[in-house]
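Working notes, beginning with the structure itself.
Chain A is the first sequence line, chain B the second, and so forth, proteins listed ahead of strands; every chain is numbered from 1.
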Number of protein chains: 2
Amino acid sequence: MVTLKQLAKELNVSISTVSKALNNSEEIGEDTVKRVKELAELYRYKPNKVALSLKQNKTKTIGVIIPDILNHFLAKVLFGIEREATKHGYNIITCISNESLDKEKESLQLLANGSVDGFILSVAEETQTKNEVEHFKRTINHGLPIVMFDRVAHDVMCDKVIVDDFDATYNATKYLIEKENRKKIAFISNIDQLSIGKLRERGYAKAILENTNYEPLILKINKNKDAQQKIKSFFKKHKPIDGVISADSASGIIAINTSAKFGLNVPKDISVIGFASKSASNLSLPRLTTIRQHAKVIGANAAQMLIERMQNTSREGDVKTKIVKTSFVKNKSTLK
Amino acid sequence: MVTLKQLAKELNVSISTVSKALNNSEEIGEDTVKRVKELAELYRYKPNKVALSLKQNKTKTIGVIIPDILNHFLAKVLFGIEREATKHGYNIITCISNESLDKEKESLQLLANGSVDGFILSVAEETQTKNEVEHFKRTINHGLPIVMFDRVAHDVMCDKVIVDDFDATYNATKYLIEKENRKKIAFISNIDQLSIGKLRERGYAKAILENTNYEPLILKINKNKDAQQKIKSFFKKHKPIDGVISADSASGIIAINTSAKFGLNVPKDISVIGFASKSASNLSLPRLTTIRQHAKVIGANAAQMLIERMQNTSREGDVKTKIVKTSFVKNKSTLK
DNA sequence: CTGAAAGCGCTAACAA
DNA sequence: TTGTTAGCGCTTTCAG
């Protein structure tokens with residue numbers, strides 16, 4: 001990589017002249033500017049990012065800490081973040097916490113040494129279980145803003161982007177009860193430990209308790225266990241289930257596939273609604289009626305909020321929470 | 001963030017003393033070291049990464065350019081890269097090319113300004129279609145090593161990590177012909193434009209041509225089109241298909257689900273084998289028999305190769321290609 | 001119109 | 001044992 005110094009030497013001018021010429025300063029003579037620019041072009045000169053960062057004390061880089069990159073929703077949010085960040089001239093450094101508190105702390109520390117100007121993150125499962133937040137607060141106190149999305153820590157004062165998990169699940173459940181006249185609706189989840197899993201469960205439970213005379217019927221699946229088997233025996237035990245709300249996409253799809261094995265026609269005998277993306281909902285036959293989360297929008301919003309905060313160093317304290325509403329997308333796993 | 005300067009001032013010593021003390025230099029007196037370390041601890045001093053990078057002319061950062069983060073395989077490779085990089089003290093900056101040549105070029109340029117020490121990438125679709133490689137060569141000539149994985153540009157001299165796409169598909173096809181005695185095996189793909197898609201198709205075709213007396217039977221699905229519909233009409237038109245090899249996971253799963261709609265029993269009447277990850281193969285009932293790609297291993301290997309190359313600045317020219325073999329995982333969508 | 005110099009935070013050769 | 005200085009690549013103020 002060429003440096004200003006080398007250009008200056010070759011042109012027999014000073015470093016500052018070259019710098020100014022390239023930055024279109026008014027001070028420099030027309031022909032000098034031209035000479036400088038031509039040589040710079042020739043050598044494909046690019047100002048060294050590291051030097052710039054040091055000088056200006058900002059890196060134009062965002063640290064993103066994701067619990068699980070194999071989670072389609074989280075990957076999609078990352079996509080949204082990346083696109084928005086790029087649009088504003090920011091790069092992103094990605095760390096994967098792998099749902100571990102220690103790795104999350106470590107990533108935060110590691111990048112808080114001047115590598116990034118701020119963070120976007122979704123809280124790791126272990127962190128939520130143990131309810132630790134000190135590392136977040138410390139980071140913010142050190143002057144690095146954080147924006148949390150989806151799984152957020154409520155007792156940390158920072159900007160947040162969340163989903164209407166509770167309402168969406170409540171409404172979906174009520175839909176099955178009222179519009180489809182379902183009599184025994186179950187809730188299936190493999191994310192019951194997460195804040196969002198709990199919200200979804202509560203939304204379901206509230207709708208059941210308010211509108212029916214039976215108790216909520218809930219199946220919690222450990223992520224590493226055999227979901228197909230679990231769902232099969234659950235269906236058998238609680239026959240006749242005629243509606244399913246799933247908190248995650250895998251459970252919803254497996255529920256549809258399993259129904260067929262039981263001789264149940266979806267949606268005639270049983271309706272299934274689940275949180276899922278479009279690509280996931282296409283994997284079942286009939287297609288899964290879904291609660292769609294607009295992951296890219298969430299990512300873009302988070303990036304916008306962070307960038308805005310990083311630019312307005314002034315007014316602090318007034319943290320915002322943005323709710324990105326889900327959409328209900330009717331496919332063929334429900335009636336009508 | 002505290003700086004050495006501030007610590008030095010508070011301790012009434014020089015900056016270099018503080019620096020040396022923190023770096024356990026032999027030169028500094030025991031008690032000075034202690035005093036310094038205590039204050040540093042108190043203020044949670046972390047050496048500024050940017051200043052270090054500038055000084056040492058390396059960033060300990062890897063640029064990763066991925067065509068599509070929503071592709072489960074690519075996300076998994078990214079996971080492998082991140083883990084290996086972190087293990088060696090490297091960060092990763094992620095760019096998503098979105099299968100676009102321009103975005104790929106742009107990302108390469110943008111990060112080649114001192115932001116990263118090298119690149120790991122998988123070639124964008126458009127780049128493969130147009131067969132452009134100049135931007136890769138230029139980057140390498142500028143002193144930034146590249147490691148390509150999965151979709152590679154063969155005419156670029158650089159380290160590569162690839163999969164045995166051809167052999168794996170050839171063997172899987174042969175397996176259906178010989179071991180399962182299938183008489184009409186189709187190939188379904190939504191990635192026919194990609195180098196790896198072509199390799200898989202050729203592996204299938206070779207097995208068919210060598211071992212049967214019919215022509216290869218191939219369905220190419222445009223990614224944005226209705227795969228369910230396409231597969232349905234394909235099945236109808238070419239009845240009786242009794243075997244499917246799918247180049248991507250979605251096609252395989254949809255093929256299984258579609259078979260049921262045709263009254264075909266999987267695997268009794270029709271066998272399906274597809275490239276897929278474990279989590280994807282769990283989404284069909286019966287589970288998809290898969291060609292597993294070990295994405296994380298691919299990522300880890302790529303990271304290792306790059307890190308090694310960045311450290312041995314000396315010997316160049318001798319580029320390596322590593323093949324990470326697939327595994328054949330028998331599930332219930334094939335006989336026996 | 002051009003150049004010299006300081007400084008961002010750090011390390012390391014050299015001086016004291 | 002500690003301090004001074006130069007320099008990584010860049011911008012920017014101030015002198016010329």
Query raised in the report: Using 4.0 Å as the upper bound for N to carboxylate O, is an ion pair formed by B:R35 and B:E38?
Result: no
Query - Selection: residues 41-62 of chain B, any non-hydrogen atom under 4.0 Å of DNA chain D - result: B:L54, B:K55
Query raised in the report: Does the C:dA4 base have a donor-acceptor partner in the side chain of A:S16 within less than 3.5 Å?
Result: yes
Report task. Quick one: pull up NE2 in A:H72 and CD1 in B:I69 and give me the separation to the nearest 0.5 Å. Result -> 10.0 Å
Query raised in the report: Roughly how many Å is it from CD in B:Q6 to P in C:dC8, rounded to a whole number?
Result: 10 Å
Query - Protein-nucleotide distance (A:N12, atom CG; C:dA4, atom P), rounded to Å - result: 12 Å
Requested in this report: Run the numbers on A:V18 and A:V13 for side chain to side chain contact (heavy atoms under 4.5 Å, CB included), then give the verdict.
Outcome: CA-CA 7 Å; A:V18 180; A:V13 295; 3.6 Å; yes
**Report entry** Between A:Q6 and A:Y43: side-chain donor-acceptor atoms closer than 3.5 Å
**Finding:** no
Query - Atom pair distance, as rounded to whole Å: CD1 in B:I15 and C1' in C:dG9 - result: 8 Å
Report task. Check whether any side-chain N or O of A:E104 sits under 3.5 Å from a backbone N or O of A:S97 as a donor-acceptor pair, and report yes or no. Result -> no
Requested in this report: Using a cut-off of strictly less than 4.0 Å between a heavy atom of the residue and any atom of DNA chain D, enumerate the qualifying residues of residues 25-33 of chain B by number.
Outcome: B:E27, B:I28, B:G29, B:T32
Query - Start and end of the DNA chain D segment that chain B contacts, any atom under 4.0 Å from a heavy atom - result: D:dT1 to D:dG9
Report task. May I ask you to check whether B:Q128 and B:Q193 show a side-chain donor-acceptor distance below 3.5 Å? Result -> no
Query raised in the report: Passes salt bridge (charged side-chain N to carboxylate O under 4.0 Å, His left out), A:R138 versus A:E134? Steps please.
Result: CA-CA 6 Å; A:R138 201 157 53 224; A:E134 276 315 309; 5.4 Å; no
Requested in this report: For B:K20, answer base if it contacts any base atom (sugar-phosphate contacts may also be present), sugar-phosphate if it contacts only those atoms, and nothing otherwise; contact means non-hydrogen atoms under 4.0 Å.
Outcome: base
Report task. Between A:T17 and A:K5, just flag the one whose closest nucleotide in DNA chain D comes earlier from the 5' side. Result -> A:K5
**Report entry** Heavy-atom donor-acceptor pair, B:N113 side chain to B:S115 backbone, under 3.5 Å
**Finding:** yes
Report task. Classify the nucleic acid contact of A:S19 as base, sugar-phosphate or nothing, counting any heavy atom under 4.0 Å across all strands shown. Result -> base
Query raised in the report: Where the side chain of A:R151 meets the backbone of A:S195, is there a donor-acceptor pair that is under 3.5 Å apart?
Result: no
Query raised in the report: Among B:D117, B:V116, B:I120, which residue meets the side chain to side chain contact (heavy atoms under 4.5 Å, CB included) test with B:I62?
Result: B:I120
Report summary line: In whole angstroms, the gap separating C1' of C:dA12 from CG of B:L22 amounts to 15 Å
**Report entry** Euclidean distance, B:L54 CG relative to B:N48 CG, rounded to 0.5 Å
**Finding:** 10.0 Å
Query raised in the report: Is any side-chain N or O of A:S14 closer than 4.0 Å to OP1 or OP2 of C:dG3?
Result: yes
